[in-house]
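Keep in mind that this is a model prediction, so the values were computed, not measured.
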Amino acid sequence: MTTDRHGGAARTASASGPVGTVARNVFITGANSGIGAALARHYAARAANVGLFARRPDALAALAAELPAQQCATYAGDVRDPAALDRAARDFIARFGAPAIVVANAGVSLGALTDHPEDLPVFRTVIDTNVIGMVNTFAPFIAAMRAAGGGTLAGIASVAGFRGLAGSGAYSASKAAAITYLESLRLELRDTGIAVVTICPGYIATPMTATNPYRMPFLLDLDKAARLIARAIERRKRFYVLPWQMAIVGFLLRRLPRPIYDALLARAPRRLRHGG
């Protein structure tokens, strides 16, 4: 499903903005709420052509309706479906040209426990969405970006991928895999002009974190987080953790010996099963 911000078919447009300026093309998954929606607003306010991909068409339409009057196309679909992303990519490129930025932001965070067999589908949902969904997001754009001379692929990982967290095995594993995947992709694309940026947020005030039943240190305002993420993407940072306090915490946690880490974190508050 593709629409412009008024709910009709988006008209074909070049990537050029007003005379003397160039409107960038930005494609974002998980765009109907949280970081994805905040990034959509950020780039739209700067005259970018934005492609917004998410599961809920009603939320996408509501977001598109509030954006400024530059080009905006919405695509309803699930990042676990490569065919849906391929169709969206083809349509976006046909309308606006190759993207300057692709943000693989779609993700889910659900508590799950290995000793509960009924949680196994939850593990698959989290890993398929957070890892395979990222691959599905980037794959259909790389050829066009390479032909256009470059661009930036940005993946939203998490500080939760630095070490395993009790009750968040699926989420921590998926984000650790995302971090490693993005590093591999960065090396693969090193000489193509396409940068790969790994973004690792700490706690951001989003609907996803609102369900966490524990204190969240250094909780960051959503709009500020979007500005920081966009700046890291603009600067093509290879690896970026926000906020800066969480970068320090993450650095220390990754270096703790396992016995000390186990003693400190084994009894820490944890996410409830299935996000409830």
Side-chain angles (χ1 to χ4, degrees), residues 26-43 53-54 79 101-111 126-127 129-131 133-134 137-138 152-165 167-183 185-186 195-254 265 268-271 275:
V26 181
F27 188 92
I28 303 168
T29 63
N32 56 12
S33 65
I35 291 173
L39 285 173
R41 295 185 184 98
H42 175 89
Y43 286 115
F53 186 101
V79 293
I101 297 170
V102 177
V103 182
N105 167 72
V108 293
S109 177
L110 300 170
V126 173
I127 292 172
T129 301
N130 296 356
V131 184
M134 187 175 288
T137 297
F138 293 150
T152 301
L153 303 175
I156 307 298
S158 172
V159 296
F162 294 173
R163 300 292 294 258
L165 299 173
S168 296
Y171 187 69
S172 289
S174 72
K175 292 304 184 179
I179 290 169
T180 304
Y181 161 69
L182 289 164
E183 186 167 57
L185 185 63
R186 187 179 74 242
V196 178
V197 175
T198 303
I199 303 292
C200 291
Y203 293 113
I204 312 298
T206 68
M208 182 183 291
T209 59
T211 63
N212 288 343
Y214 47 80
R215 178 179 172 272
M216 293 175 283
F218 315 120
L219 183 67
L220 191 61
D221 172 78
L222 180 57
D223 289 335
K224 181 175 182 180
R227 292 194 298 271
L228 292 173
I229 291 169
R231 185 172 68 182
I233 293 172
E234 182 70 26
R235 296 177 178 179
R236 295 183 143 201
K237 286 184 172 289
R238 291 176 176 85
F239 192 87
Y240 179 66
V241 182
L242 70 151
W244 65 267
Q245 298 97 326
M246 194 58 74
I248 295 173
V249 172
F251 178 87
L252 295 174
L253 284 176
R254 280 180 289 175
L265 274 294
R270 60 187 67 181
R271 171 173 283 278

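Between H42 and R227, the shortest heavy-atom contact is ND1-CG, 4.1 Å. Residues V79 and A106 come closest through the heavy atom pair CG1-CB, 3.7 Å. Contact record, A31 with A54: N-CB, 3.8 Å, taken as the closest heavy-atom pair. Scanning all heavy atoms of the two residues, the minimum distance from F138 to A154 falls at CZ-O, 3.6 Å. The minimum heavy-atom distance between A232 and I199, with the atom names listed, is CB-CD1, 4.0 Å.
The closest side-chain heavy-atom distance from T198 to E183 is not below 4.5 Å. By the 4.5 Å heavy-atom criterion applied to side chains, F162 and I179 are counted as neighbours. Taking 4.5 Å as the limit, some side-chain heavy atom of I35 sits within range of a side-chain heavy atom of P201. Between M134 and L182 the shortest side-chain heavy-atom distance falls below 4.5 Å.
Listed by chain and number, the residues in a side chain to side chain donor-acceptor pair (under 3.5 Å) with N130 are S174 (sequence neighbours excluded). By the side chain to side chain contact (heavy atoms under 4.5 Å, CB included) test, S158 is found to be paired with A160, Y171, K175, residues two or more places apart in sequence or in another chain being considered. For A173, there are no side chain to side chain contact (heavy atoms under 4.5 Å, CB included) partners, not counting sequence neighbours. Remark: A247 pairs with V241 by the side chain to side chain contact (heavy atoms under 4.5 Å, CB included) rule, at least two apart or across chains. With sequence neighbours left out, the side chain to side chain donor-acceptor pair (under 3.5 Å) criterion links R186 to no other residue. For Q245, there are no side chain to side chain donor-acceptor pair (under 3.5 Å) partners at least two apart in sequence or on another chain.
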Check the pair V103, T137 against side-chain contact (heavy atoms from CB on, under 4.5 Å), reporting the backbone distance first and the verdict last. CA-CA 8 Å; V103 182; T137 297; over 6 Å; no

Checking side-chain contact (heavy atoms from CB on, under 4.5 Å) for the pair V26/L39: CA distance, chi angles, key distance, verdict? CA-CA 10 Å; V26 181; L39 285 173; over 6 Å; no

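Taken from CG in L153 to CZ in R236, the straight-line distance is 9.5 Å, to the nearest 0.5 Å. The distance from atom CZ of R231 to atom CG of L242, rounded to the nearest 0.5 Å, is 10.0 Å. Atom CD1 of I233 sits about 10.5 Å away from atom OH of Y240, to the nearest 0.5 Å. Here the CZ-OG1 distance, from R235 to T152, works out to 13.5 Å after rounding to the nearest 0.5 Å.
The one candidate from T29, I204, N105 that meets the side chain to side chain contact (heavy atoms under 4.5 Å, CB included) condition with I156 is N105.
A tilted orientation is assigned to the rings of F27 and F53, their planes being inclined by 30° to 60°.
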